[in-house]
Visitor: 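Structure in structure tokens, see below.
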Amino acid sequence: MAMLIEARDIVKHFPVGKGLILSRLGGTVKAVDGVSLQVEEGKTLGLVGESGCGKSTLARLMLRLIKADSGEVIFEDRDILKLPNKDMQAVRRSMQIIFQDPYASLNPRMSVGAIVMEPMVIHGEGDKESRRNRAIELISLVGLQPEHFARYPHEFSGGQRQRIGVARALALNPRLIICDEPVSALDVSIQAQILNLLKELQEDFNLTYIFIAHDLSVVRHISDEVAVMYLGKIVERAEHDLLYSSPKHPYTVALMSAVPLPDPEKERERKRIILEGDVPSPIDPPSGCRFHTRCWKKRDICAEQEPPLEDKAPGHLAACFFPENL
Amino acid sequence: MGANGERLLEVRGLKTYFHTQAGVVKAVDGVSFDLDRGEALAVVGESGCGKSVTALSILNLIPDPPGKVEEGEVIFEGRNLLELSDREIRQVRGNHIGMIFQDPMTSLNPVFTIGNQIREPIQIHLGLSRKEAKQRAIELLEMVEIPQAEKRYKMYPHEFSGGMRQRAMIAMALSCEPMMLIADEPSTALDVTIQAQIMELIGRLQREINLAVMLITHDLGVVAGVAEAVLVMYAGKVVEYADIGRVYYNSRHPYAWSLMRSVPRMDEKRERLLTIGGSPPSLINLPPGCSFSPRCPFAEEICSEQEPPLVEAEPGHLSACHFARDFERHGKGVED
């Protein structure tokens, strides 16, 4: 299978403290610090990590919604970070995003129809009539009724709003959709509806997803491959069965062990690894392996050298000197 | 479902309504349950099902107007909390029942130090001197596993991480040695590794100081390791109530039954998740009969005509479904 999108060594550091009061503090938030990954056409990459690990920033860098400091993003065989703005707009048709909060990502003053037609208007697609027909088709496709066309976002529940967001993302027949925590804000009984919808659409239109989540159980359900991020770096990446059956990086092991199972017997028997403390600040990340301050396997070398992301088993990358499950 | 313990709290037929311009919102509509000393009860449901309002009603914290506890009794250690004067209920809050909320930052005052905020209730409720109260506050911070408690005592909430703030809130809730803790989505706003820490802490406190815990959550996983009994709420009503094993492995209500099958689980991959169609109903305009019937995979004619009573599906297992006693047959059909 062909790679649809590939990121090579992307770096993004945000300067902090440029304000009047903090001007002397300086420093940079190392939000994304040398990340490489690829996604095959028609597949889903799950990107997992805790808040502040850089997963949403990485997604926005790959869509060129924010500018990377260095690195390359190869999409359809071109480095889109080097494209002039005019050419970039044409590329944007093929890459879309669905946001976490369906309350904040829909303009309350636009009708559902207008929201779904807007991408077509921006890209000058079709005439009024054809855009309208296409919007009605999309609205039905995501499980809403054609008569919802003229209604406004406030008339819809969270799950329905997320469907509108999905319809908008599909409007230009994209090849890649980045789903940035699309179900985290939804009620439990609604999450499955949206997950199943995304899966069906992927099968029908051969879509490629980058699915961002903080939740390993949601990612397991939808992904073909999973990448785990910690403080701006990918610490582990593997095909999803490999990752879930034998996680190599201690952080992945801890993250998996922290996910509660809706199963009281298993839950009581489980030996849980409780990580100490919090995620350190990305302004001044720990030396060597960034996870060493919370790792139960750390030795001297972990604080001194940064472990490379390398094959620990066939097709199973991890960045650790002392990996688990070998 | 207090098995053999000593009864601490009894809630009987609690009804809390909100009178709004759009109509009467029946947020809690006839909820009953018990809690024993040292028992952990999980109240599970989606947003708007009335789980938080139930907790606030117990402590007389419903803003009136628009809200009002219309009916019911909340018997705590032999007294009906709904009949107490403002002064008396203040004694109960904190001294006997502590409460923590989802977002610790909104519950902490940003302009006072953490220590100050923990010390003050101790001085007021326990009548200790400032110095003694400070000592006690530091002990509490140690009890909730905050490192360098003495240094942390002097810090402000913004200097604490989310997990640390929630620990500080727990310390504050426990400062007057209550017998019961109400935890309203205590870990929802936290990252998963921190969530595990907080749930571990609550479980440990329950065992070690024999604390009764009422855990409110929408997440079936979070409570699975801690709770002993589970109360499932839907649209202001109790739909299922039993010990945790029965609800999780042998549910007798289609809502809980489908919810268990619709959540993605980390320990298995399913091709399609079972979905519950539609979305939770508006509390102003509830569907006739069983509130869950429009979304229910087993619904028959009777469900939209008559409201099912909460009955014993089997001994110690309450369910509000017309088919509660004959559930297996109905469940099988849908699963296939």
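We name chains A, B, ... by the order of the sequence lines, and we start the count at 1 in each one.
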Visitor: If you count heavy-atom pairs within less than 4.5 Å of chain A, which of Ser258(B), Gly278(B), Gly163(B) leads?
Guide: Gly278(B)

Visitor: So, Arg265(B) side chain and His221(A) main chain: donor-acceptor pair closer than 3.5 Å or not?
Guide: no

Visitor: Taking side chain as everything from C-beta outward and backbone as N, CA, C, O, which of these in Leu195(A) sits under 4.5 Å from a heavy atom of chain B? Side chain, backbone, both or neither.
Guide: side chain

Visitor: Heavy-atom distance under 4.5 Å to chain B: side chain of Ser157(A), backbone, both or neither?
Guide: side chain

Visitor: Under the criterion side-chain hydrogen bond (donor to acceptor under 3.5 Å, both in side chains), I'd like the reasoning laid out for Thr193(B) against Glu50(A): C-alpha separation, chi angles, the key distance, then a yes or no.
Guide: CA-CA 8 Å; Thr193(B) 57; Glu50(A) 292 180 276; 2.4 Å; yes

Visitor: To the nearest 0.5 Å, tell me how far Leu274(B) CG sits from Ser189(A) OG.
Guide: 11.0 Å

Visitor: With heavy-atom distances below 4.5 Å as the criterion, would you say the side chains of Ser279(B) and Asp187(A) are in contact?
Guide: no

Visitor: Report yes if some heavy atom in the side chain of Val192(B) is under 4.5 Å from a heavy atom in the side chain of Leu255(A); otherwise report no.
Guide: yes

Visitor: Rounded at 0.5 Å granularity, tell me how far CG in Asp263(A) sits from CD1 in Ile244(B).
Guide: 9.5 Å

Visitor: How long is the span from the CD1 atom in Ile194(A) to the OG1 atom in Thr275(B), to the nearest 0.5 Å?
Guide: 10.5 Å

Visitor: Under 4.5 Å heavy-atom distance to chain A, tell me which part of Leu259(B) shows up: side chain, backbone, both or neither.
Guide: side chain

Visitor: Which atoms of Val263(B) are under 4.5 Å from chain A, going by heavy atoms: the side chain, the backbone, both sets, or neither?
Guide: side chain

Visitor: Does Asp278(A) reach the side chain of Met164(B), with side-chain heavy atoms less than 4.5 Å apart?
Guide: yes

Visitor: Using the rule side chain to side chain contact (heavy atoms under 4.5 Å, CB included), only one of Met199(B), Gln195(B), Met266(B) pairs with Pro260(A); which is it?
Guide: Gln195(B)

Visitor: Heavy-atom distance under 4.5 Å to chain A: side chain of Pro280(B), backbone, both or neither?
Guide: side chain

Visitor: Between Leu275(A) and chain B, which part of the residue has a heavy atom less than 4.5 Å away: side chain, backbone, both or neither?
Guide: both

Visitor: Checking Gln197(B) against chain A: side chain, backbone, both or neither under 4.5 Å from a heavy atom?
Guide: both

Visitor: Can you tell which part of Ser223(A) gets under 4.5 Å to a heavy atom of chain B, answering side chain, backbone, both or neither?
Guide: backbone

Visitor: For Glu265(A), is it the side chain, the backbone, both, or neither that has a heavy atom closer than 4.5 Å to a heavy atom of chain B?
Guide: both

Visitor: Can you say whether Glu46(B) sits under 4.5 Å from chain A via the side chain, the backbone, both, or neither, judging by heavy atoms?
Guide: both

Visitor: When rounded to the nearest 0.5 angstrom, what is the spacing between CD1 in Ile274(A) and CD1 in Ile194(B)?
Guide: 10.0 Å

Visitor: Is any side-chain heavy atom of Glu276(A) less than 4.5 Å from a side-chain heavy atom of Pro147(B)?
Guide: no

Visitor: Enter the distance from Gln193(A):CD to Leu273(B):CG here, rounded to the nearest 0.5 Å.
Guide: 11.0 Å

Visitor: Let me know if Val226(B) has heavy atoms under 4.5 Å from chain A in its side chain, its backbone, both or neither.
Guide: backbone

